[in-house]
Amino acid sequence: MACACLVIRLLVTLVLLSLEVGPAAADGTRVERATAPGDFIIGGLFPLHEDVDRENSSFAPHLQPCIRFEGRRLVKVLAMINAIEMMNDSPPLIDANITLGYQILDSCADVGTALRATADFMEQPIIAVIGASHSETSIAIARQLTLKMIPQISYSSTAVILSDKNRFPAFMRTIPNDEHQTAAMASLLSMYGWNWVGVVTTDGNYGQSALDHFVSQATLKGICVAFKSVLPQSVTSQDVSSAIRQTAETIYKNPKVQVIVSFAKPTHMMNLFLELQDQVLRERQSLESMKRMWVASDSWSTSASFKGNITLEDIGHVVGFTFKSGDLSSFNEYLSRLEAAGRDSVRSNSFIQEFFMQLNSSKASGGAELVSEAVTKLREHAHADTVFSVEMAVSAIAQAVASICISRDCNTAGAVQPWEVLKALWSREFKLRGKSYKFDDRGDINLGYDVNMWRSERGSINVNDVVAEYHPQNNSFTNTNSNPTHHLHYLKHIISKCSSSCIPGEFKKTAEGQHTCCYECINCTENYYSNNTDMDQCLSCDVDKEWSSQGSSSCNPKALLFFSWHDGFAIVLLTFSALGIVLTLLVSGLFLHQRDTPVVKAAGGPLSQAILFSLVISYISAMLFVGRPNSYQCKARQVLFGISFTLCVSCILVKTLQILLAFQFNPELQQVLRRLYQPYIIVSICVALQVATCICWLVLKSPFNTTIRHPTTLLEDCNEGSNLAFGVMLGYIALLAFVCFICAFKGRKLPQHYNEAKFITFSMLLYLISWLLFVPIYVTTTGVYLPAVEMVVILISNYGILSCHFFPKCYVILLKKEQNTKSAFRKNLYEFSTKHKHPESVSGSSETEKQSNGLHSISSAASLASPTSDPLKPTQVIDCGDGTSCTTLHKCSSRRQCLRRSTSI
C-alpha cells in the first residue's frame with residue numbers, strides 16, 4: 001500500500017512538471033515552470049538551458065527562446081523535488097500540519113530570463129526562493145527579492161559580494177564564498193612552490209570577483225600571475241571563439257607557466273582544451289607542449305561534459321575544488337522510482353522529454369530502454385556536493401517554516417510572511433540526516449572543500465575522485481585517499497616558475513618593472529648568507545663572531561687564535577725557557593759552592609748571584625708570552641722582564657765600571673771616579689728608575705688583553721696600553737746596555753784567563769742587535785706569532801748573558817781547575833804586567849816618573865782583576881822593584897825590601 005502511494009505521488013509530480021501556469025502573455029514575459037501544490041510554495045531557479053537565442057532580438061520586450069539544453073542540470077531540479085517530498089514526510093512538517101509545494105523555473109543561464117522568472121515569483125505567494133546557480137544571476141534577482149525580504153538561498157553562487165548583508169540582507173547560501181576557495185587555491189600553489197601561474201576566468205561579477213580575490217591571496221604568498229584571460233560570460237557570444245583562441249595562444253607562448261587556475265564555465269574550458277589541441281597540431285608540436293596543471297574552481301571541477309571528448313593524456317592534470325558532499329542514497333532511490341514509473345508516466349513532462357530527445361533524437365518515442373538510459377545519465381551527473389547543497393537549502397526553509405507554524409495556525413493564506421521565514425533562518429539551526437547546521441553572520445555555511453583529482457579510468461575521465469579536504473579554519477589540507485598516486489603529493493614533480501629556485505647561498509634579484517617571481521640568482525657577498533631557497537635578501541653574519549665566504553648558506557664561527565701552549569713553536573720556546581731556568585739554577589748552585597775560589601770572586605761574587613736571579617725571572621717572564629692572554633698576564637710579562645733585565649744589566653754595568661776605573665790612567669780622574677763608585681747604590685738607582693717607569697705605566701695606561709677581529713679569525717693578544725711607556729722601558733735597558741758595551745770595549749785587553757770585558761762586549765752587542773731587529777719586526781708584524789718574536793729576543797738576550805758571562809767560568813771551575821788557583825792568577829797577572837811595562841830607554845826624571853805612573857796603572861788594573869780580594873773593596877798592590885809585584889798577602893819574589901804602594905778602588 002505504501003509503495004502504491006509513492007508511485008501515485010511520483011506520477012502526480014511528473015505530470016505537474018509539464019504544466020504551465022497559463023498561456024504566454026502577449027508581451028512574452030511568461031516562462032516555463034514546474035509546480036506542485038502545498039500550503040507554502042518554494043520557488044526554484046535553475047539554468048536548465050545554457051543560453052538564450054539572441055539572434056532574433058528586437059526592441060519589443062519578449063521572452064527569448066532558450067537554447068543548448070543541459071540534461072545534467074536536470075539533476076538539481078530533481079534534487080529539489082525529492083528534498084521537498086522528503087520534508088513533507090518529516091516530523092517537523094507533520095507536527096506543524098503543513099505541506100510544501102514548489103514552482104521551478106528555468107533561468108536559461110541568462111540574467112534577463114531570471115529577472116522575468118523572479119517577477120513571476122513576486123506575483124505569487126512564494127515563501128522563499130532556492131537559486132540561482134550563477135553569481136551574476138543571483139546578484140540580479142537578490143536585489144528584487146530584497147524589496148519584499150523574500151529569503152533567497154543559493155546552492156552554488158559563490159561571489160564574495162553576496163556576503164555583504166548591507167546590500168543583500170535576504171540572500172543566504174549553503175556553501176562558502178569564493179574568498180575561501182581562492183585562499184585554498186593559493187595555499188595549494190604555495191605548498192608546491194608554483195609561483196608562476198596563469199588565470200582564466202569569465203567576465204561578470206563572479207569572474208571578476210574570483211580573479212581579484214585570487215590575485216590578492218596569491219600575492220600574499222609570493223605567487224605571481226603571468227597572464228589573465230577573461231572570456232565572455234555567454235557561451236554563444238560572437239567574441240567567445242576569438243577570446244578562446246587568444247587564450248590558447250597565450251598559454252602556448254608561456255611554456256614556463258605550467259599551472260593555470262580557471263574560474264571559467266565547463267563549456268568554455270571544453271572549447272579551450274580543443275583549441276589547444278588544434279594549436280599543437282598547427283605548430284606541429286608534441287602534445288606534451290600543451291599539457292598543464294589545471295586548478296579548477298567549483299564551476300567546472302566535477303563537470304562530466306569532458307568525458308569522451310578529451311583525455312588527461314592531452315591536457316595534463318586537473319585538481320578541482322568542490323563543496324562538501326552528502327549522502328546520495330535518498331536521491332538514488334528517487335531516481336530508481338522514476339525509472340520504475342516508465343516512459344509513459346513522463347511523456348507530458350517537457351523537461352524530461354527534452355532530455356530524452358537530447359540522448360537520442362531518433363528514439364524520441366522509445367520505450368523503457370530510453371528511460372533507463374536517461375536515469376543512468378542522471379546518476380552519472382548526480383554530484384554529491386550539488387545534491388547536498390540543494391537538500392540543505394530545502395531543509396533550512398522547511399524547518400524554519402515549521403518552527404513558526406508549530407505555535408500558530410498556518411492553514412490560512414498569508415499566515416506566514418517571507419520576512420518571518422528569513423528571521424527564523426538567521427536565528428535557528430536546522431538538521432539534515434542527524435547533523436545540525438546554521439548560517440553564519442554573513443549568511444553562509446562554510447564546511448570547507450573537497451579536493452578532487454581527475455584520473456583516467458578505462459579510457460574515460462573520473463572527475464569525482466576526492467583526494468583531500470581543505471579546512472578553512474586553519475588553512476590546511478588533509479589527504480583522504482590511502483593510494484599514494486591518488487593524493488596531492490603525486491603532483492610534486494610539476495614545476496611552474498618564471499625563474500629557477502635560488503639555492504641556499506643565493507638571493508633573488510628582480511629587475512625593475514618585472515614580476516617579483518622573475519629574477520636572477522646572485523651569490524651572497526662575504527659575511528652574508530642565505531639558508532633557504534628563493535630568499536629575497538641575504539642575512540648578515542655577526543661579524544664580531546662569525547664570517548662567511550661568497551655564496552655561503554651559513555655563517556662560520558671565527559677561529560679563536562692565540563699563541564697556544566700546544567703550538568709547536570711555543571713548545572720549542574718553552575723548552576728553551578725551561579732549559580734556561582735549569583741551567584741558571586745549576587750555575588747559581590755551582591757558584592755558591594765555589595764562592596771562595598778566584599774564578600767566582602773574579603766573576604763578581606754576590607753580583608753574579610743577582611745576575612743569575614734576574615735571568616731566572618726573565619726566563620719566567622718569557623713563558624708568560626704563551627697561552628690565551630688575560631689582563632694580569634699582559635701586565636705581568638712586560639713588567640717582570642723590564643725590571644729583571646734592568647737588574648741584570650745594572651749588575652753588569654757595575655762590573656764594566658770597574659774596568660773603566662782600572663784603565664783610567666789619569667790619577668786625578670781615577671780618584672774622583674773611585675769616590676763616586678758605589679756598586680749597590682748604582683744598582684739600586686738603576687733598578688729604581690725602571691720600577692718607577694713600570695709603576696707609572698701600570699697606573700696611567702696599563703697593558704690589557706684585547707681581541708683583534710680579522711675577516712675569518714679572532715686574535716687574542718695583549719695591547720701594551722701605552723706604546724710610549726713600552727718604548728721608554730726598552731730604551732732604558734738599551735741605554736744601560738750601551739754604556740756597558742762602551743765600558744767593556746775599553747777593557748777588552750785584561751789578562752786572558754780572567755778577562756770579562758770581551759764577553760760583556762759580545763753579550764751587550766748581541767742584546768743591542770737583537771732588540772734593534774725586534775723593533776721594526778714588532779711594529780710591522782701582526783698575528784698569532786707576534787708574542788713569539790719578543791719571546792725569542794728575550795731568550796737570545798738571556799742566553800747571551802748566560803753563555804758569555806757564566807759558561808766560561810763554569811768551564812774553568814769544572815774542567816780547568818788548575819787555573820782556578822791563586823798561584824795561577826799571580827802568574828797570569830805577572831805576565832800581563834811585564835808585557836805592558838814602559839821601555840827603559842826613557843831617561844832622567846821624566847823616565848822615572850813615567851815608569852812609576854805606568855807601573856801604578858798596571859798594578860791598579862791588576863788589583864781590580866785580582867781574584868784574591870773582594871772586588872767591591874780597595875786592594876793594595878806592592879811593587880817589588882825587580883820587575884815583579886805582589887799584594888799585601890804575598891811576599892815579593894826577591895828578598896829586597898818592598899816599595900809599598902797602595903791603590904784603592
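Atoms considered below: every heavy atom in the structure, side chains included; atoms not considered: hydrogens, waters and symmetry mates. Keep in mind that what you see is a predicted model, and the values were worked out from it rather than measured.
- Contacts of T201 classified as side chain to side chain contact (heavy atoms under 4.5 Å, CB included), with partners at least two apart in sequence or in another chain: L211, V230, F263.
- Across all their heavy atoms, Q633 and V626 have their closest contact at NE2-O, 3.2 Å.
- Separating the CH2 atom in W454 from the CG atom in D465 is a distance of 13.0 Å, to the nearest 0.5 Å.
- Within a 6.0 Å sphere centred on CG of L491, heavy atoms belonging to other residues, nucleotides or ligands number more than 12.
- The main-chain N or O of S614 is never found under 3.5 Å from a side-chain atom of S618 such that the two would form a donor-acceptor pair.
- Around the CZ atom of F726, the shell of radius 6.0 Å holds more than 12 heavy atoms that belong to other residues, nucleotides or ligands.
- Side-chain contact of H805 with S763: a donor-acceptor pair under 3.5 Å is present, judged by distance alone.
- Annotation: Y632, atom OH; neighbour count of heavy atoms from other residues, nucleotides and ligands within 6.0 Å does not exceed 12.
- Considering only heavy atoms from C-beta on, P504 stays 4.5 Å or farther from N531 through its side chain.
- For CD of Q246, the number of neighbouring non-hydrogen atoms (other residues, nucleotides, ligands) closer than 6.0 Å is 12 at most.
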With side chain to side chain donor-acceptor pair (under 3.5 Å) as the test, would you mind laying out the steps for S552 and S549 before giving the verdict?
-> CA-CA 6 Å; S552 294; S549 58; 3.1 Å; yes
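- F321 is listed as a side-chain neighbour of V295, based on a closest heavy-atom distance under 4.5 Å.
- Under the 3.5 Å distance criterion, with hydrogens and angles disregarded, a donor-acceptor pair is assigned to the side chains of N475 and Y470.
- Y799 and G580 get closest at one heavy-atom pair: OH-N, 3.0 Å.
- Under the 2.5 Å SG-SG cutoff, C517 and C498 do not qualify as a close cysteine pair.
- For the pair R709 and D544, the salt-bridge criterion is met [side-chain N within less than 4.0 Å of a carboxylate O].
- Annotation: ring pair (Phe, Tyr, Trp, His ring centres under 6.0 Å) contacts involving residues 499-532, sequence neighbours excluded, comprise W196-H515.
- Environment of CD in Q514: crowded, with over 12 heavy atoms of neighbouring residues, nucleotides or ligands closer than 6.0 Å.
- Other residues, nucleotides and ligands place more than 12 heavy atoms under 6.0 Å from the OH atom of Y778.
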Derivation and outcome, disulfide bond (SG atoms under 2.5 Å apart), residues C518 and C224 = CA-CA 9 Å; C518 300; C224 300; over 6 Å; no
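- For the atom pair OG1 of T584 and CD1 of I617, the computed distance is 10.5 Å after rounding to the nearest 0.5 Å.
- A parallel orientation is assigned to the rings of W194 and Y192, their planes being inclined by less than 30° (bins at 30° and 60°).
- Using bins of under 30°, 30° to 60° and over 60° for the plane-to-plane angle, the ring pair F563/F569 lands in the perpendicular bin.
- When the shell of 6.0 Å around OH of Y732 is examined, it contains more than 12 heavy atoms from other residues, nucleotides or ligands.
- Side-chain contact of S797 with W771: a donor-acceptor pair under 3.5 Å is present, judged by distance alone.
- For the residue pair D314 and T311, a side-chain donor N or O sits within less than 3.5 Å of a side-chain acceptor on the partner.
- Donor-acceptor pairing under 3.5 Å is recorded for the side chains of N177 and S163.
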